A.B. asks: 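Sending over a structure as structure tokens; questions will come in a sec.
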Amino acid sequence: MSSGGGDSMEAEYIRRHHRHEPRENQCTSALVRHIKAPVHLVWSLVRRFDQPQKYKPFVSRCTMKGGLGIGSVREVNVKSGLPATTSTERLELLDDDEHILGIRIVGGDHRLRNYSSIITVHPEVIEGRPGTLVIESLVVDVPEGNTKDETCYFVVALIRCNLKSLADVSERMAVQDRTEPINH
């Protein structure tokens, strides 16, 4: 964890940006990842709703339906090994000033119903260098035949893999000093 009140900052960011109101049959969680790369570099990957495969290891392909803006829809092909082959997702929020991305799953051949997530990206200092705090929160229905714990365990494991991959890709780019262009 970061020093100098990092835990209280995380709690404040979660309180401010990651408000989900789960119903009885839903689970919710928030994950935190500290990345040794500058915030602009990490955000350049996260904000690419049209190219999640840049850092999400379970995405093999992404096809946009229409333009790139709030309400845009993408069709994501999922790599084998997961209990799905496609996911249809809508961009709910994209704030380049506050570094907030919100998505909602609206279809696909999987059991993640009413899934919604928010990712926020915040600057921090890690070992005296520019770093990034990434928080991803979610809410999702618990499928019939599963418990809240089982559902959260599965979804959290997927997000943890995505955040680890985001850290790996971002830190590798930071070493190479490469930044994805931000196209508004």
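Nothing here was measured: the structure is a model prediction, and the numbers come from that model.
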A.B. asks: Quick one: are Ser72 and Met64 in side-chain contact, heavy atoms under 4.5 Å?
C.D. replies: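 Contact flag for Ser72/Met64 side chains = yes.
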A.B. asks: Is Leu138 linked to Val78 within one hydrophobic cluster, defined over Ile, Leu, Val, Met, Phe, Trp and Tyr using a side-chain heavy-atom separation of less than 4.5 Å?
C.D. replies: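 Yes, one cluster joins them.
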A.B. asks: Once rounded to the nearest 0.5 Å, what's the spacing between atom CZ of Phe58 and atom NZ of Lys79?
C.D. replies: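 Nearest 0.5 Å value for the CZ-NZ distance: 9.0 Å.
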A.B. asks: Decide, yes or no, whether a salt bridge links Glu150 with Lys148 under the criterion of side-chain N to carboxylate O below 4.0 Å.
C.D. replies: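 No salt bridge links Glu150 with Lys148.
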A.B. asks: Can you tell whether the side chains of Arg172 and Asp168 come within less than 4.0 Å, N to carboxylate O?
C.D. replies: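 Answer for the salt bridge query: no.
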A.B. asks: Which pair of non-hydrogen atoms, one from Pro123 and one from Val39, has the smallest distance, and what is that distance?
C.D. replies: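 Scanning both residues completely, I find the closest heavy atoms to be N-CG2, 3.9 Å.
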A.B. asks: Answer with yes or no whether the hydrophobic clustering places Leu163 together with Val139; edges join I, L, V, M, F, W, Y residues whose side-chain heavy atoms lie under 4.5 Å apart.
C.D. replies: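 No: no chain of side-chain contacts under 4.5 Å links Leu163 to Val139.
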A.B. asks: What is the distance from atom NE2 of His122 to atom NE2 of His34, rounded to the nearest 0.5 Å?
C.D. replies: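 If we round to the nearest 0.5 Å, His122:NE2 and His34:NE2 are 10.5 Å apart.
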A.B. asks: With salt bridge (Lys or Arg N to Asp or Glu O under 4.0 Å) as the criterion, how do Glu89 and Arg104 come out once you've worked through the C-alpha distance, each side chain's angles and the decisive distance to 0.1 Å?
C.D. replies: CA-CA 6 Å; Glu89 303 168 357; Arg104 177 176 300 279; over 6 Å; no
A.B. asks: Can you tell me how far the CD1 atom of Ile118 sits from the CD1 atom of Ile135, to the nearest 0.5 Å?
C.D. replies: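 Reported value, rounded in 0.5 Å steps: 11.0 Å.
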A.B. asks: If you define the side chain from C-beta out and look only at heavy atoms, does anything of Arg113 sit under 4.5 Å from Val140?
C.D. replies: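 The answer is no, as the side chains (C-beta and beyond) never meet within the 4.5 Å cut-off.
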A.B. asks: Let me see the working for His110 and Ser87 under side chain to side chain contact (heavy atoms under 4.5 Å, CB included), right down to the final yes or no.
C.D. replies: CA-CA 7 Å; His110 51 72; Ser87 182; 3.4 Å; yes
A.B. asks: Could you grab the distance from atom OG of Ser116 to atom CZ of Arg90, nearest 0.5 Å is fine?
C.D. replies: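 One finds 9.0 Å between OG of Ser116 and CZ of Arg90.
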A.B. asks: Verify side chain to side chain contact (heavy atoms under 4.5 Å, CB included) between Thr120 and His99, making sure each step is shown before the conclusion.
C.D. replies: CA-CA 6 Å; Thr120 58; His99 300 131; over 6 Å; no
A.B. asks: I want to check something: taking the side chain as every heavy atom from C-beta on, are Val142 and Thr147 in contact at a cut-off of under 4.5 Å?
C.D. replies: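 SC-SC contact between Val142 and Thr147 ruled out.
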A.B. asks: So does Glu75 get a backbone contact from the side chain of Thr88, meaning a donor-acceptor N/O pair under 3.5 Å?
C.D. replies: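 The answer is no, because no donor-acceptor pair under 3.5 Å joins these two groups.
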A.B. asks: Evaluate side chain to side chain donor-acceptor pair (under 3.5 Å) for Asn77 paired with Thr86, printing each intermediate quantity in order.
C.D. replies: CA-CA 5 Å; Asn77 291 64; Thr86 64; over 6 Å; no
A.B. asks: Would you say that Gln53 contacts Arg61 through its side chain, given a criterion of any heavy-atom pair below 4.5 Å between the two side chains?
C.D. replies: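 Not in contact.
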A.B. asks: Between Arg74 and Asp50 (salt bridge meaning N to carboxylate O under 4.0 Å), is one present in this structure?
C.D. replies: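 Looking at Asp50 together with Arg74, the answer is no, because their closest N to O distance does not fall below 4.0 Å.
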A.B. asks: Determine whether a donor-acceptor pair (N or O, by modelled atom type, separation under 3.5 Å) exists between the side chain of Ser170 and the backbone of Ala167.
C.D. replies: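 A pair under 3.5 Å: no.
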A.B. asks: Could you tell me whether the side chain of Val155 reaches within less than 4.5 Å of the side chain of Tyr115, counting heavy atoms only?
C.D. replies: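 In contact.
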A.B. asks: Applying the side-chain hydrogen bond (donor to acceptor under 3.5 Å, both in side chains) criterion to Arg111, which one of Asn146, Asp141, Thr151 satisfies it?
C.D. replies: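 Output: one option passes, namely Asn146.
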A.B. asks: Please test Trp43 against Asp96 for side chain to side chain contact (heavy atoms under 4.5 Å, CB included), starting from the C-alpha separation and ending with a verdict.
C.D. replies: CA-CA 8 Å; Trp43 180 244; Asp96 283 312; 2.8 Å; yes
A.B. asks: For the backbone of Leu41 and the side chain of Ser44, can you confirm whether one donor and one acceptor N or O come within less than 3.5 Å of each other?
C.D. replies: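 The answer is yes, because a donor-acceptor pair under 3.5 Å joins these two groups.
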A.B. asks: Ile119 and side-chain contact (heavy atoms from CB on, under 4.5 Å): which partner among Leu166, Leu31, Leu93, Leu101?
C.D. replies: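 Running side-chain contact (heavy atoms from CB on, under 4.5 Å) over Leu166, Leu31, Leu93, Leu101 with Ile119 returns exactly one hit, Leu101.
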A.B. asks: Does any N or O in the side chain of Gln26 come within less than 3.5 Å of the main-chain N or O of Arg23, such that one atom is a donor and the other an acceptor?
C.D. replies: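 Present.
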A.B. asks: Is it true that Ile100 and Leu133 fall in one hydrophobic cluster, defined by side-chain heavy atoms closer than 4.5 Å?
C.D. replies: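 No; Leu133 is not reachable from Ile100 via cluster members.
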A.B. asks: For Lys36, I'd like to know if atom NZ has over 12 heavy atoms of other residues, nucleotides or ligands within 6.0 Å.
C.D. replies: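 No, NZ of Lys36 has 12 or fewer neighbouring heavy atoms, counting only those of other groups under 6.0 Å.
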A.B. asks: So, do Leu158 and Val156 sit near enough that their side-chain heavy atoms are less than 4.5 Å apart?
C.D. replies: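 They are not in contact (no side-chain heavy atoms under 4.5 Å apart), so the answer is no.
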A.B. asks: Hey, does Pro57 have a side-chain heavy atom less than 4.5 Å from the side chain of Asn162?
C.D. replies: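 They are in contact (side-chain heavy atoms under 4.5 Å apart), so the answer is yes.
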A.B. asks: To the nearest 0.5 Å, what is the distance between OG1 on Thr132 and CD1 on Ile126?
C.D. replies: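 Between atom OG1 of Thr132 and atom CD1 of Ile126 there are 7.0 Å.
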A.B. asks: Rounded to the nearest 0.5 Å, what separates atom NZ in Lys56 from atom CG in Leu45?
C.D. replies: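 One gets 11.5 Å once the value is rounded to the nearest 0.5 Å.
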A.B. asks: When hydrophobic residues are tied together by side-chain contacts of less than 4.5 Å, even through go-betweens, does Val32 share a cluster with Met9?
C.D. replies: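 Yes.
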A.B. asks: Taking Val59 as the starting point, is it possible to reach Phe49 by hopping between hydrophobic residues whose side chains are less than 4.5 Å apart?
C.D. replies: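 In one cluster: no.
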A.B. asks: For a 4.5 angstrom cut-off between non-hydrogen side-chain atoms, does Arg47 reach Leu94?
C.D. replies: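 Counting from C-beta outward, Arg47 and Leu94 do come under 4.5 Å.
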